[in-house]
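Notes to accompany the following structure.
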There are 2 protein chains.
Amino acid sequence: MAKERSSGAGDPARTLELLWRDGATVPASRRGPRQGLTVDAVVEAAVGLADEGGLDALTMRAVAQRLGVTPMTLYTYVPGKAELLDLMLDAVFLKMPRTASGVDAPWRERVTAVADENRALYLRHPWLAELRVHRPPLGPGVMTKYEHELGAFEGLGLDDVTMDSALTHLLGFVQVAARTELDARAVDRESALSDEEWWAAHEPLLERMFDAERFPLASRVGEASAVAYQGLYSPDHAYAFGLARVLDGLAALIPADPPGSVPQGQ
Amino acid sequence: MAKERSSGAGDPARTLELLWRDGATVPASRRGPRQGLTVDAVVEAAVGLADEGGLDALTMRAVAQRLGVTPMTLYTYVPGKAELLDLMLDAVFLKMPRTASGVDAPWRERVTAVADENRALYLRHPWLAELRVHRPPLGPGVMTKYEHELGAFEGLGLDDVTMDSALTHLLGFVQVAARTELDARAVDRESALSDEEWWAAHEPLLERMFDAERFPLASRVGEASAVAYQGLYSPDHAYAFGLARVLDGLAALIPADPPGSVPQGQ
DNA sequence: CCCTCACTTTGTACGTTGTATAGAGTACCG
DNA sequence: CGGTACTCTATACAACGTACAAAGTGAGGG
């Protein structure tokens with residue numbers, strides 16, 4: 001069995017050809033019976049399955065069933081599950097909606113648009129947040145997304161290396177924020193206990209164990225946060241707060257930052 | 001089979017008692033044969049296994065074998081794997097080294113110490129980065145860590161809710177940074193292809209597919225980054241860059257920030 | 001025209017996972 | 001000393017990715 005949740009294990013050449021596949025590349029004359037499916041159909045079925053039930057629901061057997069085919073048939077189209085995940089990633093990157101902010105738009109607006117697009121992408125395809133991707137599949141989707149997002153940092157006086165770092169930093173933030181939000185949702189869905197019920201079940205016992213004098217800050221701040229959002233955690237607030245922090249952090253790098261800007265420390 | 005990588009599924013009361021277990025709580029007189037192990041021993045074995053081989057190596061069978069016991073024996077000590085993960089998390093949180101920065105130290109220094117501690121923790125226990133934890137186990141480790149880390153934000157003029165948000169934001173950043181670094185290492189270890197070999201295998205094919213005119217920014221910036229660090233990615237740089245951004249972002253929230261400033265009460 | 005053989009599709013099988021279930025052995029309490 | 005609450009073990013199940021081999025299909029070469 002291959003390692004789960006890793007990606008891009010197999011033959012690089014084969015994977016690249018699949019990533020950049022287009023109708024024209026088909027050899028047009030094959031020996032055996034014509035294929036009843038297409039790589040696109042397989043990828044689409046897989047994405048649909050993962051969208052609905054997460055990575056746990058994405059099994060080769062399930063994909064095959066959705067396509068009306070036996071599991072092993074998939075291996076004619078795709079080398080294995082790891083490569084299928086690469087194709088899925090590239091596919092959703094390629095198709096994601098991109099805000100066309102002009103180069104004349106304020107940089108905070110442009111960068112915010114990139115963050116929002118990515119957050120929306122994670123919320124539409126929750127399995128993306130579970131994926132591990134070092135050495136991302138270098139397909140058209142990944143490239144198009146990278147090209148587009150770098151655009152938000154172009155013309156700000158950043159050198160090329162810093163542009164890349166800044167983008168990575170921004171996307172990293174969006175990823176944790178989305179992951180936290182999605183984890184919270186997943187727990188709600190799976191656990192049969194709502195947040196309130198969970199607290200109700202924990203509180204009496206916790207009071208026996210927990211010494212408020214031993215953890216003064218934790219009790220004070222924990223209490224205040226629990227009151228502020230009527231629960232454990234507010235994803236929208238965390239995103240808004242974090243994005244503002246990221247923007248202010250980047251602002252310190254950007255030479256001229258005309259009116260409306262927030263003063264920087266230090 | 002239970003959901004993988006989720007945590008805290010079982011009976012809350014039982015889990016809480018396990019988290020806050022101490023020698024004294026043992027009833028001292030039990031009916032059957034004395035237990036040959038302890039919960040601590042199980043947790044320690046599990047942590048050791050996960051440290052060495054990641055979450056993939058952490059199987060109930062492997063833990064049992066390390067303890068010289070059959071797999072099902074573990075279920076006398078621990079309700080299931082999810083709860084074991086909770087106990088592992090709390091245990092390493094409790095034992096992690098904590099820098100004792102005085103309240104008089106500059107806030108950037110204190111916050112940096114918290115970030116560094118957490119990065120070190122992830123690097124020592126890579127499986128932490130793979131874990132999903134919404135509704136964290138409310139054990140002594142989690143509480144102690146939270147209490148300690150809030151201290152870095154105390155006396156800066158932030159209200160309680162903002163202190164919590166700031167800490168969450170900081171820890172989120174450290175987590176992505178660590179995860180990215182660990183993913184990179186894992187790929188290097190598993191893939192039998194070094195980064196250079198991987199590039200060498202991809203480049204010729206990529207040049208056939210990839211149109212530099214279609215992705216001008218991507219080629220320029222990608223090239224520059226690849227040259228700057230002699231590879232795909234430099235974890236140390238990403239961490240340093242990101243931490244600086246986070247600190248600057250937080251600075252915008254903190255009222256007075258002169259060098260060597262005295263913390264002000266709220 | 002038909003045979004050959006590359007190719008698609010399928011069925012079966014293996015090793016691995018967490019843990020349900022049932023049985024066997026042990027030692028304290030009444 | 002017997003009953004019983006407990007520990008530990010053995011076996012079993014369903015689900016996973018996919019190796020392997022057999023069966024079916026249809027275009028190209030003679």
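Please read all numbers here as calculations on a predicted model, not as lab measurements. The analysis underlying the following values was restricted to heavy atoms, covering all of them including side chains, and did not include hydrogens, waters or symmetry mates. In what follows, chains carry the letters A, B, and so on, assigned in the order in which the sequence lines appear, proteins first and then strands, with residues in each chain numbered from 1.
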Could you state the [atom1]-[atom2] distance from [X] to [N], rounded to the nearest angstrom?
| X | N | atom1 | atom2 | value |
| --- | --- | --- | --- | --- |
| B:Met60 | C:dA20 | CE | C1' | 13 Å |
| B:Tyr75 | D:dA10 | OH | P | 16 Å |
| B:Leu55 | C:dT16 | CG | P | 19 Å |
| A:Leu74 | C:dT8 | CG | P | 13 Å |
| A:Met72 | C:dT8 | CE | P | 13 Å |
| A:Lys81 | D:dC16 | NZ | P | 9 Å |
| B:Gln35 | C:dG25 | CD | C1' | 15 Å |
| A:Tyr77 | D:dT18 | OH | P | 18 Å |

**OP:** State whether B:Arg132 and A:Glu130 are salt-bridged, where the test is any N-O pair (Lys NZ or Arg NE/NH1/NH2 against Asp/Glu carboxylate O) under 4.0 Å.
**Re:** yes
Original post:
C:dG18 base to B:Arg61 side chain: any donor-acceptor pair below 3.5 Å?
Top reply: yes
**OP:** Please assess B:Met96 against B:His125 for the test side chain to side chain contact (heavy atoms under 4.5 Å, CB included), listing each intermediate value before the final yes or no.
**Re:** CA-CA 10 Å; B:Met96 78 185 278; B:His125 304 294; over 6 Å; no
Original post:
B:Leu84 near the nucleic acid: base, sugar-phosphate alone, or nothing, with a heavy-atom cut-off under 4.0 Å?
Top reply: nothing
**OP:** With heavy atoms under 4.0 Å as the rule, sort A:Thr59 into base, sugar-phosphate or nothing.
**Re:** sugar-phosphate
Let's see if you can work this out: which of [options] has an atom nearest to the side-chain heavy atoms of [X]?
| X | options | result |
| --- | --- | --- |
| A:Pro33 | D:dT9, D:dT18, D:dG24 | D:dG24 |
| B:Thr70 | D:dT18, D:dT7, D:dT9 | D:dT9 |
| B:Val69 | C:dG18, D:dT7, D:dT9 | D:dT9 |
| A:Thr76 | C:dT10, C:dT19, C:dT8 | C:dT8 |

Original post:
Is a donor on one side and an acceptor on the other found under 3.5 Å between the side chain of A:Arg179 and the backbone of A:Ala129?
Top reply: yes
**OP:** Please say which of B:His148, B:Lys145, B:Arg98 ends up in a side chain to side chain donor-acceptor pair (under 3.5 Å) with B:Glu117.
**Re:** B:His148
Subject >> Chi angles and distances behind the side chain to side chain contact (heavy atoms under 4.5 Å, CB included) call for B:Leu87, B:Tyr77 >> reply: CA-CA 11 Å; B:Leu87 294 175; B:Tyr77 298 87; over 6 Å; no
